Amino acid sequence: MSEKLKALAATGNLSTGFEEESLVRAVQQGAGFVGCDAGTTDSGPYYLGSGNPRGPREGTKRNLHIMIREALRAGIPVIVGSAGHAGGRPHLEWTIEIIKELARENGWHFKLAAIDSEITKEDLLDAFRRGEVTPLYPAPDLNEGTLRQAERFVAMMGIEPIQAALSSGAQVVVAGRCSDVAIYAAGKILECGAASAAQRLYPDCMAAELDQEGFTVEPPNPALRCTPQSVAAHTLYENADPYYLVESGGTLDTTAVQYEALSDRAVRVRGSRFVASEKYTVRIEGAALAGFRSIVVAGIRDPLLLRQLDKFLSSLRAVINRKIEKSLKISSNAYTLSFRVYGWNASLGPLEPISHVEGHEIGLIIDVVASSQSMAADILPLVWHTGLHHAIPEHEGLISNFAFPFSPPGIDVGPVYRFCANHVWELKDPCEPFRMNMENL
Amino acid sequence: MRELWEFTKLIRSKNAGPFELTFDIMFKDADSFHQVMKSGALTPELIAHLYKTQRERTRFFVIERLLTVKISIPRAIFSGDVMDTDVYGGQFHGPLVRLPIDLG
């Protein structure tokens, strides 16, 4: 490896996009590879649980098209990490299929590596029984029973499986779930693309030149700039600890890091240390089915109703539970009924310090989660119809409490998942659970 | 009485993974930073109380070099779980924005 390597992050998330000119310029300026992170757990457990990628497919294809075209032209590799958002097998396959389609359409020929990071339940159970899987804090309760019931697990690879693919001559590497550091080495600063710029006007590329002592980060787009403050501030983003970033195989220690402005757009970062851990561990992510959701959206504008909303909703809940028990023979512990009151406490839930509705109207989402979609769909009309006419003392005669914006008022949302693992797995070989498939296109 | 946002250039909350929330409070300048820290209004105890968690579970970092206070707490309800209210954790900072700051 040469003394200096220019790492290029196409954008913060592969499905988001970047300015074509920025990427072309950065490759011409001598990028050593084009990297792109395609995933996160930020959007919740749905993608990992369902196996569905977070599109848009066309946007992802457009971005891959430009990245691969420029990389092939310059003879440098492309590295995509956390394919399809969650990095499971279906997400990897979805991404590979797009790349093969592009290769066909453009007459490209190259060596493609796919690194699968999905872990079978059997393999994880074995590791679990051998005592190689330990919880981080806070972690959901993962035992043999919950492990068996889960939908899907992935392990977050470090840099080693990607290095193995590159040294086997892969020109395009698509990795399942992987840490940001695995793609970029300058990990945290590049993983969000242009997010470490002083003013991120739009999603775009970011580049960093790495050497033995540190790296210099500078946006390829002349309209963007990095300042020591903007780069330092980004090290805080989405990390629980500002000084120690735990990654596969070790911890990045930023306590002694120095940020220095080299120009009004470029920042030199020095003094971060990667401390390899005694045992090589990778993070495990898992998702389990939690039920099926049906919801109703409604507005409430009656001031007399609003001033007693809390009481109204608790008496409504009691009536609903009774009705469902009687007419559907479903007991109240077989489903979850939540009133999400926008205009009061829907955003913070039990953490909302304001104890009553202050505005002139509220938006209500009635949320039912049951063990099947048909059960949730059966419960929902009973819920909203009961609420629609539930009486308050100030009005005599039949009232209609809810302003439904839509007909039908309810929507079946589909499956709901929950994250079921926040654990690490101790490996003897960093490549052990990751399977590489190499193909000549 | 002034409010916290008058001293800051950024107050945000965000997931730090699906199981933790993190708050970044970045001050406008050194004066603002020192005034708020001296006022005693922004403490780990306050955060633990406001977000109904234990003091020992509240990680509170005062990063003078960046004129920033960073706080991390566990999520009582994990991101995207059935009863979650904010999948990205992006609005939990709400109650901190108008925190009263008494400069005495």
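Chain letters run A, B, ... following the sequence lines, proteins first, then strands; residues in each count from 1. Owing to the predicted nature of the structure, the values given are computational and were not obtained by experimental measurement.
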Toward chain B, the part of [X] with a non-hydrogen atom under 4.5 Å:
X	value
A:Y46	neither
A:S43	both
A:P140	both
A:P353	side chain
A:A346	backbone
A:A287	neither

>> Taking side chain to side chain contact (heavy atoms under 4.5 Å, CB included) as the criterion, tell me which of A:D412, A:T336, A:V383 meets it with A:V368.
In response: A:V383
> Under the side-chain contact (heavy atoms from CB on, under 4.5 Å) criterion, do B:L103 and B:K38 qualify, and how do the steps go?
Replying inline: CA-CA 8 Å; B:L103 297 180; B:K38 221 181 108 194; over 6 Å; no
Test item: [X] side-chain N/O and [Y] main-chain N/O as donor-acceptor pair under 3.5 Å:
X	Y	value
B:S79	B:G17	no
A:N345	A:E352	no
A:S82	A:H85	no

>> Using the rule given for side-chain contact (heavy atoms from CB on, under 4.5 Å), can you reason through B:T22 versus B:N15, listing the C-alpha separation, both sets of side-chain angles and the distance that settles it, and then say yes or no?
In response: CA-CA 6 Å; B:T22 192; B:N15 290 346; over 6 Å; no
Need one label for [X]: side chain, backbone, both or neither, based on atoms under 4.5 Å from any heavy atom in chain A.
X	result
B:D24	side chain
B:T85	both
B:F78	side chain
B:I63	both
B:T68	side chain
B:F61	side chain

>> Please determine whether side-chain contact (heavy atoms from CB on, under 4.5 Å) holds for the pair A:I354 and A:L348, giving the CA-CA distance in whole Å, both sets of side-chain angles, and the decisive distance to 0.1 Å.
In response: CA-CA 10 Å; A:I354 292 175; A:L348 294 185; over 6 Å; no
> Taking the six-membered ring of B:Y51, is the NZ or CZ of B:R75 close enough (under 6.0 Å from the centre) and on axis enough (within 45°)?
Replying inline: no
> Looking at B:L21, B:L67, B:D84, which has the largest count of heavy-atom pairs under 4.5 Å with chain A?
Replying inline: B:D84
> Can you check whether B:S72 reaches A:D241 side chain to side chain, under 4.5 Å on heavy atoms?
Replying inline: no
